[in-house]
Amino acid sequence: MKRTAVVRGLGSWLPPRLVTNHDLAQQLDTSDDWIRSRTGIGARHVITPGVATSDLAVQAGARALKSAAIKGVDAVVLATTTPDYLCPATAPLVSARLGLGNVPAFDVAAVCTGFLYALATAAGLISSEVADCVLVIGADTFSTVLDPQDRSTRAIFGDGAGAVVLASGTADEIGALGPVRLASDGAAAKLIYIPSGGSRDPFRTPTARQADPFFRMEGRAVFRQAVEHMTSSCIAALHDIGWTVDDVDLLVAHQANLRIMHAVTDRLGVPRCRCAVHLDRVGNTAAASIPLALDNATRSGLLLPGHRVLMTAFGGGLTWGACTMRWPDIEPG
Ligand code: COA
């Protein structure tokens with residue numbers, strides 16, 4: 001039987017500091033009511049000064065390795081939009097701190113779809129026999145790129161990390177990943193972007209206009225695109241594996257906004273009680289969103305061994321995707 005990537009371990013980490021909607025309302029013209037009713041978010045975890053993305057990734061990665069009961073892997077793939085440095089990638093730093101030796105380690109940049117892109121990349125390393133076992137991490141500290149005065153983005157994003165261990169197995173095992181659907185549309189890149197600090201507008205070059213180092217997002221347009229693309233990629237991923245909507249035990253959508261998640265759930269015809277909701281306590285944690293939601297659903301008993309899981313995400317790029325999985329019999333680390 002064809003080599004297939006199978007999930008063998010799961011772990012996550014949230015920085016301890018919690019920022020509630022009430023805390024935000026002390027600093028910005030917003031309210032708990034507004035944020036809850038428009039997004040479903042009540043609080044988010046935020047790093048303290050001196051903590052970086054790799055610090056969260058190391059914690060999540062260590063827990064995933066413990067969950068898989070292994071000490072080493074053959075590669076590390078890390079999805080992030082908020083690396084510790086522009087150069088080098090964050091994955092080698094994480095790999096070294098986890099004591100994984102000289103294994104290949106690299107970052108994947110697909111913003112909030114990053115975890116699905118990293119999963120597909122790791123699954124490819126396994127199916128092409130480059131690796132037998134890969135640590136896949138989604139980690140982001142969006143608090144480091146948000147405009148302190150921008151109430152629409154500060155209300156949404158939180159920091160966190162989640163990780164899985166993928167190992168070589170067969171498609172009939174529980175834990176096996178189905179085909180991953182991925183897509184992008186760079187023509188709409190400026191709906192979600194950070195204008196300055198990259199090679200298009202490096203900080204070190206004096207320009208006529210003021211550099212803008214902050215994350216910018218056209219909320220309404222993003223909302224519409226997210227619903228449309230997550231719905232269509234879910235339909236494609238279900239088609240690829242030969243499941244119907246009724247086969248789905250749990251929909252784990254990128255935790256962007258509860259209204260977006262419910263719109264996708266309703267359009268697909270999945271009952272809302274089968275949609276994993278975690279963002280009320282963590283907000284949108286970008287690349288960490290899906291593994292954090294998987295970890296939470298496993299711990300709360302919503303996700304059980306053998307369950308059919310449909311995962312989908314949407315983010316800057318624009319990027320989007322979906323994939324299916326039979327949930328394995330694992331304990332989060
Ligand atoms: N508190 C109070 N008012 C706020 C606010 C906040 N936190 N954020 C925005 N507003 C205001 C806006 O300034 C605007 O005021 P105005 O009419 O005086 O200009 C008003 O609310 C309506 O703004 P709009 O952007 O149209 O609101 P919305 O209902 O679309 O909600 C988002 C804004 C950002 C919550 C929503 O568009 C959204 O969630 N979009 C998707 C974002 C997302 O998921 N991104 C990640 C994708 S990976």
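Nothing here was measured: the structure is a model prediction, and the numbers come from that model. Indexing begins at 1, ligand by ligand and atom by atom, following the structure's order.
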Within the 4.0 Å heavy-atom shell around [X], which atoms of ligand 1 are there?
| X | answer |
| --- | --- |
| Ala155 | 7 (N) |
| Met217 | 42 (C), 43 (C), 45 (N), 46 (C) |
| Thr30 | 1 (N), 2 (C), 6 (C), 7 (N) |
| Ile260 | 41 (C), 44 (O) |
| Cys112 | 48 (S) |
| Phe314 | 48 (S) |
| Ser152 | 8 (N), 9 (C) |

Test item: protein heavy atom less than 4.0 Å from [atom]:
| atom | value |
| --- | --- |
| atom 20 (C) of ligand 1 | no |
| atom 17 (O) of ligand 1 | no |
| atom 48 (S) of ligand 1 | yes |
| atom 30 (O) of ligand 1 | yes |
| atom 23 (O) of ligand 1 | no |
| atom 1 (N) of ligand 1 | yes |

Minimum-distance pair of heavy atoms, taken over all atoms of [X] and [Y]:
| X | Y | value |
| --- | --- | --- |
| Gly124 | Ser128 | O-OG, 2.6 Å |
| Ile137 | Gly61 | CD1-CA, 4.3 Å |
| Asp201 | Ala211 | OD2-CA, 4.3 Å |
| Leu116 | Val180 | O-CG1, 4.1 Å |

Among protein heavy atoms, which lies nearest [atom], and at what distance?
| atom | value |
| --- | --- |
| atom 35 (C) of ligand 1 | Thr39 CG2, 3.7 Å |
| atom 27 (O) of ligand 1 | Arg38 NH1, 3.6 Å |
| atom 44 (O) of ligand 1 | Ala256 CB, 3.3 Å |
| atom 46 (C) of ligand 1 | Asn284 ND2, 3.5 Å |
| atom 13 (O) of ligand 1 | Arg151 NH2, 2.9 Å |
| atom 8 (N) of ligand 1 | Trp34 CH2, 3.3 Å |
| atom 38 (C) of ligand 1 | Asn257 ND2, 3.7 Å |
| atom 34 (C) of ligand 1 | Ile156 CD1, 3.6 Å |

Could you give me the CA-CA distance, side-chain angles and deciding distance for Arg36 and Asp280, then say whether salt bridge (charged side-chain N to carboxylate O under 4.0 Å, His left out) is met?
-> CA-CA 8 Å; Arg36 272 185 202 278; Asp280 49 332; over 6 Å; no
Say whether, by atom type as modelled, one donor and one acceptor occur between the side chain of [X] and the main chain of [Y] under 3.5 angstrom.
| X | Y | value |
| --- | --- | --- |
| Asn257 | Arg259 | yes |
| Asp107 | Ala91 | yes |
| Asp74 | Val130 | no |
| Thr30 | Arg151 | no |

At under 4.0 Å between heavy atoms, which part of Leu28 makes contact with ligand 1: side chain, backbone, both or neither?
->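 For Leu28, there is no contact with ligand 1 at all, from either part.
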Relative to the ring of Trp320, is the ring of Phe314 parallel (under 30°), tilted (30 to 60°) or perpendicular (over 60°)?
->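 Correct class here is parallel.
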Among Gln255, Arg220, Gln225, whose heavy atom sits nearest atom 25 (O) of ligand 1?
-> Arg220
Minimum non-hydrogen distance to atom 40 (N) of ligand 1, winning option of Ala221, Ser37, Gly219 | Gly219
Should Asp23 and Thr20 be marked as a side-chain hydrogen bond (donor to acceptor under 3.5 Å, both in side chains) after you check the CA-CA gap, both sets of side-chain angles, and the distance that decides it?
-> CA-CA 5 Å; Asp23 295 332; Thr20 65; 3.2 Å; yes
Mark the output for Gly315 as yes if a heavy-atom distance to ligand 1 is under 4.0 Å, and as no if none is.
-> yes
Heavy-atom contact under 4.0 Å between His254 and ligand 1?
-> yes
Where do Thr53 and Thr141 land on the side-chain hydrogen bond (donor to acceptor under 3.5 Å, both in side chains) test, with the steps shown first?
-> CA-CA 6 Å; Thr53 295; Thr141 52; 2.8 Å; yes
Any side-chain heavy atom of Asn296 within less than 4.5 Å of one from Arg281?
-> yes
With a 4.5 Å heavy-atom cut-off, do Leu310 and Leu238 have their side chains touching?
-> yes
Taking 4.0 angstrom as the limit, do Arg272 and Asp266 come out as a salt bridge?
->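 Looking at Arg272 and Asp266, the cut-off is met.
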